**Student:** 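Pasting in a structure now, in structure tokens, and then I'll have a few things to ask.
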Amino acid sequence: MDIWELYRQRGFARQATDEGALKTLTDTAAAGGGVLTAYTGFDPTADSFHVGHLIPLMGLIHFQRAGHRPIVLLGGGTAMIGDPTGKNEMRKMLTDEELAKNTDALRRQAARLMDFDSGNPSAAIMANNGDWLRQWGYIDFLREIGHHFSVNRMLTFETFKTRMETGLSFIEFNYPLLQAYDFLELSRRYDCTVQLGGDDQWANIISGVDLVRRVERRDVFGWTFPLLTTSSGAKMGKTEKGAVWLDPEKTSPYEYYQYWVNVDDADVAKCLGFFTLLPMEEVNRLSRLEGAEIRQAKQVLAREATRLIHGEEEAAKAEKGAKAVFGGGGDMDQVPSTTLEAARLADGVDLAEVMVSAGLAKSKGEARRLVDQGGVHLNGEKVTDGFMRITAAHGNQGHLMIKVGKKKFHRVVVA
RNA sequence: GGGGAGAUACCCGAGCGGUCAAAGGGAUCAGACUGUAAAUCUGACGGCUACGCCUUCGGAGGUUCGAAUCCUCCUCUCCCCA
């Protein structure tokens with residue numbers, strides 16, 4: 001089975017520029033013992049990847065597992081422009097320092113997901129388009145790259161059509177040229193012949209394919225992955241706290257695990273294909289589960305997805321923590337926690353205040369509302385007084401368990 | 001350069017000079033029902049030991065007993081003309 005077939009089976013296929021030719025190319029490479037090189041670009045707009053980046057990242061992981069060579073392209077240059085795709089308004093400009101910091105953080109995260117250093121032919125490459133984009137002079141770029149682009153055609157891109165209503169700045173209008181040029185540069189430097197990306201990148205990808213053909217008279221290809229949405233069409237990867245990050249500092253492994261256990265029934269099968277490396281037979285078996293048994297599938301999903309990002313040990317801990325609070329008994333240590341100085345318990349501490357500092361409520365008022373609505377439990381007992389104060393009497397061997405709603409648990413350690 | 005429209009809470013979006021902490025929808029959160037689903041119904045949704053007080057309607061001033069609402073200037077956005 002070639003990589004493209006594997007992509008199809010697991011749901012990683014949306015559009016391809018020329019699937020027939022792509023297969024031929026892959027077969028030829030395989031027959032000659034060579035590897036194929038593909039890249040995906042990520043703009044360093046934050047200092048961590050989040051769940052929204054996961055499909056392309058998983059795509060690259062599979063690509064490498066299939067024996068090919070992935071390139072992770074960090075958009076240190078393009079992020080200075082801002083991809084207008086899917087945006088209604090221009091994104092704020094990042095400073096050089098922010099970019100450097102973000103690029104660095106993303107590089108470290110990516111390095112944990114793929115093999116970059118083994119020296120194998122399939123060892124991944126990390127590139128930064130700032131390395132080549134920032135060297136260009138304006139006139140030179142226009143003459144050498146710009147003249148290959150038709151404005152008439154660019155205006156037909158969905159991205160720009162919608163932006164014609166709300167406004168589009170010239171800087172953003174140039175984004176496809178830069179991304180297209182990346183492909184040209186990567187094809188020259190690394191013999192990269194495929195660009196992978198989310199389906200919203202289609203226009204940018206074919207711009208690159210066209211550019212390489214025009215300049216190099218060489219056929220390269222584009223392949224897009226579906227966008228990560230729930231079955232109801234909403235974007236995935238968001239919780240009330242915001243994006244679900246891959247950085248354990250921003251989203252703990254426990255929270256990460258919880259995110260996956262809580263996906264809708266309707267999305268479980270899809271997610272198993274996308275976010276685990278389980279063989280498809282296993283994915284299909286789990287996907288056939290119905291009713292309450294779907295929970296088993298969700299647990300496998302959460303376990304595997306967490307393992308991939310945070311490692312076996314953290315995944316096991318997150319799972320134990322989940323079992324402890326939802327199944328009763330067991331190891332509570334993995335539940336998110338904060339500490340509280342014992343001395344403060346002497347005259348009581350406002351529960352609402354503790355909830356705010358633990359991130360369980362945005363304000364004391366909200367915390368009190370939650371209590372009023374019967375959504376707060378302390379050590380398993382429903383709290384009824386919004387102004388309740390925590391005292392030493394509540395210290396259950398130095399541990400207090402606050403539950404908000406049905407799923408949010410937080411431990412307070414008295415120290 | 002000229003003319004017009006506009007900026008309201010997380011998003012969209014109403015808003016007569018007082019009865020506006022600001023309609024409605026979405027998102028979100030909580031409760032009930034469940035399986036740590038979905039759908040549905042109910043409630044909450046600026047802050048604050050709270051039938052009151054404080055801070056909000058792009059920014060800065062002003063008029064007024066009283067301003068989201070009127071005036072002036074500024075910033076930004078969109079549309080049309082050249």
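Note that the structure is predicted; figures quoted are calculated from it, not measured. Each chain gets a letter, A, B and so on, in the order the sequences are listed, and its residues count up from 1. Side-chain atoms are counted along with the backbone in the values below, which use heavy atoms only and exclude waters and symmetry mates.
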**Student:** Which base, if any, makes a Watson-Crick or G-U wobble pair with B/G46, both distances under 3.5 Å?
**Tutor:** B/C54
**Student:** Grab the N/O contacts between the protein and nucleotides 44-48 of chain B below 3.5 Å, and write none if there aren't any.
**Tutor:**
residue, atom, partner, partner atom, Å
B/A44, O4', A/Gln373, OE1, 3.3
B/A44, O2', A/Arg369, NE, 3.0
B/G47, OP1, A/Ser363, OG, 2.7
B/C48, OP1, A/Lys364, N, 2.8
B/C48, OP2, A/Ser363, OG, 3.3
B/C48, OP2, A/Gly365, N, 2.6

**Student:** Considering Watson-Crick and G-U wobble pairs with both distances under 3.5 Å, what does B/G1 pair with?
**Tutor:**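 Base-paired to B/C81.
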**Student:** Considering only the C1' atoms, how many Å lie between B/U40 and B/C51, rounded to the nearest integer?
**Tutor:**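 Those two atoms are separated by 34 Å.
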**Student:** Is any N or O donor-acceptor pair between the side chain of A/Asp265 and the base of B/G35 shorter than 3.5 Å?
**Tutor:**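 By the distance-only test, yes, there is a pair.
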**Student:** So which protein nitrogen or oxygen atoms get under 3.5 Å of nucleotides 52-57 of chain B's nitrogens or oxygens?
**Tutor:**
none

**Student:** Using the P atom as the reference point in each nucleotide, state the distance between B/A9 and B/U69 in Å, no decimals.
**Tutor:** 14 Å
**Student:** Which listed nucleotide (B/A30, B/U36, B/G31) is nearest to the side chain of A/Lys406?
**Tutor:**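 Looking only at heavy atoms from C-beta outward on A/Lys406, the closest nucleotide is B/G31.
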**Student:** Return the set of residues passing salt bridge (Lys or Arg N to Asp or Glu O under 4.0 Å) with A/Lys23 (not counting sequence neighbours), or none when no residue passes.
**Tutor:** A/Asp2
**Student:** What is the nucleic acid contact for A/Glu293, judged by heavy atoms within less than 4.0 Å: base, sugar-phosphate only, or nothing?
**Tutor:**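 The residue A/Glu293 makes no contact with any strand.
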**Student:** What is the pairing partner of B/U40, taking Watson-Crick or G-U wobble pairs with both distances under 3.5 Å in any strand?
**Tutor:**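 For B/U40, the partner nucleotide comes out as B/A32, under the 3.5 Å rule.
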**Student:** Pairs in or reaching into residues 61-82 of chain A: which pass side-chain hydrogen bond (donor to acceptor under 3.5 Å, both in side chains), with residues at least two apart or in two chains?
**Tutor:**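 The answer is A/Thr37-A/Arg69, A/Asp43-A/Thr78, A/Thr78-A/Asn129.
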**Student:** Would you measure the distance from the C1' atom in B/A23 across to the matching atom in B/G15 and give it in whole Å?
**Tutor:**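 8 Å, rounded to whole Å.
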**Student:** Looking only at atom C1', what distance separates B/A37 and B/C79, rounded to whole Å?
**Tutor:** 47 Å
**Student:** Which of these passes side chain to side chain donor-acceptor pair (under 3.5 Å) with A/Ser48: A/Glu249, A/Gln109, A/Lys250?
**Tutor:**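 Filter result, single survivor: A/Gln109.
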**Student:** Can the ring centroids of A/Trp245 and A/Phe49 be said to lie less than 6.0 angstrom from one another?
**Tutor:** no
**Student:** Look at all strands and tell whether A/Gly291 reaches a base, only sugar-phosphate, or nothing, counting heavy atoms closer than 4.0 Å.
**Tutor:** base
**Student:** Please give the distance between the C1' atoms of B/G31 and B/C45 as a whole number of Å.
**Tutor:**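 B/G31 and B/C45 have their C1' atoms separated by 15 Å.
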**Student:** Please list, in numerical order, the residues of residues 294-302 of chain A that have a heavy atom closer than 4.0 Å to any atom of RNA chain B.
**Tutor:**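 The stretch gives A/Ile294, A/Arg295, A/Lys298 as the residues lying under 4.0 Å from the strand, ordered by number.
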**Student:** Does anything in residues 280-288 of chain A come within less than 4.0 Å of RNA chain B? Heavy atoms only, and list the residues if so.
**Tutor:**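 None, since no heavy atom is under 4.0 Å.
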**Student:** Of the options B/A38, B/C33, B/U49, whose atoms approach the side-chain atoms of A/Asp264 most closely?
**Tutor:** B/A38
**Student:** In whole angstrom, give me the gap between the P atoms of B/C41 and B/G25.
**Tutor:** 13 Å
**Student:** Under a 3.5 Å limit for both distances, which nucleotide forms a Watson-Crick or G-U wobble pair with B/U69, could you say?
**Tutor:**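 By the stated definition (distances under 3.5 Å), nothing pairs with B/U69.
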**Student:** Taking the six-membered ring for Trp, are A/Trp223 and A/Phe12 ring centroids under 6.0 Å apart?
**Tutor:**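 Here the rings of A/Phe12 and A/Trp223 have centres that are no less than 6.0 Å from each other.
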**Student:** When rounded to the nearest Å, what value does the distance between C1' atoms of B/C16 and B/A68 take?
**Tutor:** 13 Å
**Student:** Could you give the distance separating B/C53 and B/G2 at their P atoms, to the nearest angstrom?
**Tutor:**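 Looking at atom P only, B/G2 and B/C53 are 49 Å apart.
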**Student:** Would you check if the distance from the ring center of A/Phe225 to the ring center of A/Tyr7 is below 6.0 Å?
**Tutor:** yes
